[in-house]
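Here is the structure we will look at, set down as structure tokens.
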Amino acid sequence: MNLNQYLDVAPEVAAAVAAGKPVVALESTIISHGMPYPQNVETALKVEQIIRDNGAVPATIAILGGRLKAGLTPDEIEYLAKKGQDVIKASRRDLAVLVARKADGATTVTTTMMIAHMAGIQIFATGGIGGVHRGAETTMDISADLEELASTPVMVVCAGAKSILDLGLTLEYLETHGVPVIGYGTKELPAFYTRKSGFEVDYRMDSPEEIAAAFHVSRELGLKGGMLVTNPIPEEFAMDHDVINKAIDEAIAQANAQGIHGKATTPFLLAKVKELTGGDSLDSNIQLVFNNARLAAKTAAALCAMN
Ligand code: PSU
Ligand code: MN
């Protein structure tokens, strides 16, 4: 644990980490920028409950008043959910400035991994990660999430990546930077809303124990990066491939036409896709986060049993 003067670890989280009990980190950009109010707060609280039901302690992560928070109260979650896009989406480059200004920030995968690591938390559950955007060969839009996976030893459990990204280039980037990509119960990379993408993961694993064992060895060897676990959305909540891809293509066309760029791109595309699918994508999004929380909690328990 790398405790520092800017970090507040919630008492329950600190006690669990100290006792070697399972803890699962959760991000806050998914609350502020990923879903509308009030579904965002309902989902965030339910995800915490699911983690508890599966034997782990949840630690939702954010920056509040310049404090790096590992573990939020329900009131703090509600506050971020209501502020929504008015909260600054905080990636690695924003962290020091927001702390110095005593500002609030919603943590992305990147900053959630950073703060989780500072707090001694090894596993983090979310919906989807950022990656290499389509057209990155000219825009150079590559999410800082990939760089963080390359350098911070936290396991991220997600439902794959949305095809707002170039999935092939995202996998190439992860390969170059030495990040193993695991498929839970599948050899095919899931594409968030759908179980299939046409791309292969590095390894298929079929149990939380198998995932935990690989991560345990990575830590014992002192390897510097994380691990990406991709967990397909349950069949009954998956979206029709053509419906979702049509919405994504349309969302990207609108983003290009409006000159959307930088940190605004991902939230813009997420909101557009939701609008174009008439809210269906939100239901799928919520269910896949629940599914990832279950797997992350079980994997955290399996990892603790090995440590
Ligand atoms: N992808 C999703 N849902 C999300 C995000 C990405 O399907 O909520 C959020 C996550 O917080 C992720 C961030 O870390 O967007 C990536 O933003 P960018 O592409 O600007 O790096
Ligand atoms: Mn970007």
Side-chain angles (χ1 to χ4, degrees), residues 22-31 34 43-44 46-61 70 107-117 119 121-131 143 145-146 148-150 152-162 170-171 174 179-186 188-193 195 197 201-216 218-219 225-234 237 284-304 306:
V23 179
V24 175
L26 298 161
E27 62 157 304
S28 45
T29 292
I30 191 174
I31 303 175
T43 303
K46 178 97 189 283
V47 168
E48 289 208 341
Q49 189 57 47
I50 288 171
I51 287 171
R52 289 185 194 285
D53 293 345
N54 286 276
V57 172
T60 301
I61 289 180
T107 53
T108 61
V109 168
T110 296
T111 38
T112 304
M113 288 178 77
M114 291 172 71
I115 297 169
H117 183 54
I121 303 168
Q122 295 190 296
I123 299 191
F124 158 25
T126 188
I129 59 158
S143 175
D145 292 354
L146 300 184
E148 208 59 45
L149 279 161
T152 299
V154 169
M155 182 196 299
V156 178
V157 180
C158 69
K162 289 196 176 79
T170 300
L171 289 173
L174 290 168
V179 179
V181 180
I182 309 304
Y184 186 60
T186 179
E188 185 161 345
L189 177 75
F192 198 88
Y193 299 116
R195 294 172 60 86
S197 66
V201 295
D202 303 324
Y203 296 98
R204 169 180 173 157
M205 294 191 184
D206 293 308
S207 69
E209 290 71 23
E210 200 181 355
I211 297 169
F215 190 69
H216 180 74
S218 163
R219 298 308 303 128
M227 181 180 276
L228 186 65
V229 176
T230 63
N231 186 24
I233 185 172
F237 303 115
S284 300
N285 200 342
I286 292 169
Q287 292 298 331
L288 64 84
V289 176
F290 294 164
N291 191 46
N292 297 341
R294 281 187 286 271
L295 178 59
K298 288 179 189 157
T299 305
L303 186 64
C304 286
M306 281 168 203

Before you tell me yes or no, could you show the steps for L295 and V229 under side chain to side chain contact (heavy atoms under 4.5 Å, CB included), namely the whole-Å CA-CA distance, both residues' side-chain angles and the distance that decides it to 0.1 Å? CA-CA 10 Å; L295 178 59; V229 176; 4.0 Å; yes
I would like to know whether F192 and I233 meet side chain to side chain contact (heavy atoms under 4.5 Å, CB included); could you show each step before the answer? CA-CA 7 Å; F192 198 88; I233 185 172; over 6 Å; no
Residues M227, V156; criterion side chain to side chain contact (heavy atoms under 4.5 Å, CB included); working and verdict: CA-CA 6 Å; M227 181 180 276; V156 178; over 6 Å; no
After noting the C-alpha distance and the side-chain angles of F124 and V109, does the key distance pass the side chain to side chain contact (heavy atoms under 4.5 Å, CB included) rule? CA-CA 9 Å; F124 158 25; V109 168; 3.8 Å; yes
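Here the closest heavy-atom approach between residue A119 and residue A70 is recorded as CB-CB, 3.8 Å. Across all non-hydrogen atoms, the minimal contact from G131 to L146 is CA-CD1, 3.7 Å. Between G225 and S218, the closest heavy-atom pair is O-OG, 4.5 Å. When every heavy atom of N292 is checked against every heavy atom of A159, the shortest pair comes out as ND2-N, 3.3 Å. Annotation for I51 and A293: closest pair CG1-CB, 3.8 Å, computed over non-hydrogen atoms. Closest of all the heavy-atom pairs between I211 and M155 is CG2-CE, 3.6 Å.
For E27 and T126, the side-chain atoms include at least one donor-acceptor pair closer than 3.5 Å. Remark: the T108 side chain and the T29 side chain contain no N/O donor-acceptor pair separated by less than 3.5 Å.
Proximity of a side-chain donor or acceptor of T60 to a complementary backbone N or O of L26 within less than 3.5 Å is not detected. With hydrogens and angles ignored, the 3.5 Å screen pairs no side-chain donor or acceptor of S197 with any backbone N or O of P190. No donor-acceptor pair under 3.5 Å is formed between the side chain of S28 and the backbone N or O of I31. No donor-acceptor pair closer than 3.5 Å links the side chain of T112 to the backbone N or O of I61. A donor-acceptor pair under 3.5 Å is absent between the side-chain atoms of R204 and the main chain of G183, judged by distance alone. A side-chain donor-acceptor contact under 3.5 Å links N291 to the backbone of P232. D202 places a side-chain N or O within 3.5 Å of a backbone atom of V181 that can act as its donor or acceptor partner. Looking only at distances, a side-chain donor or acceptor of T186 sits under 3.5 Å from a matching main-chain atom of E188.
In this structure, C304 SG and I123 CD1 are separated by 7.5 Å, a value rounded to the nearest 0.5 Å. The line from CG of L288 to CZ of F237 is 10.0 Å long, rounded to the nearest 0.5 Å. Atom-to-atom distance recorded for I129:CD1 and S143:OG is 7.5 Å, nearest 0.5 angstrom. Atoms CG and NZ, on N285 and K162 in that order, are 5.0 Å from each other to the nearest 0.5 Å. Atom-to-atom distance recorded for M114:CE and T152:OG1 is 6.5 Å, nearest 0.5 angstrom. Taking OH of Y203 as the reference point, atom CD1 of I182 lies at 7.5 Å (rounded to 0.5 Å).
Annotation: side chain of P22 is not in contact with side chain of L303 (no heavy-atom distance under 4.5 Å).
With sequence neighbours excluded, the residues that form a side-chain hydrogen bond (donor to acceptor under 3.5 Å, both in side chains) with Q49 are D53. Scanning for salt bridge (Lys or Arg N to Asp or Glu O under 4.0 Å) contacts around R219 gives an empty result, with sequence neighbours left out. Remark: T110 engages D145 in a side-chain hydrogen bond (donor to acceptor under 3.5 Å, both in side chains) (not counting sequence neighbours).
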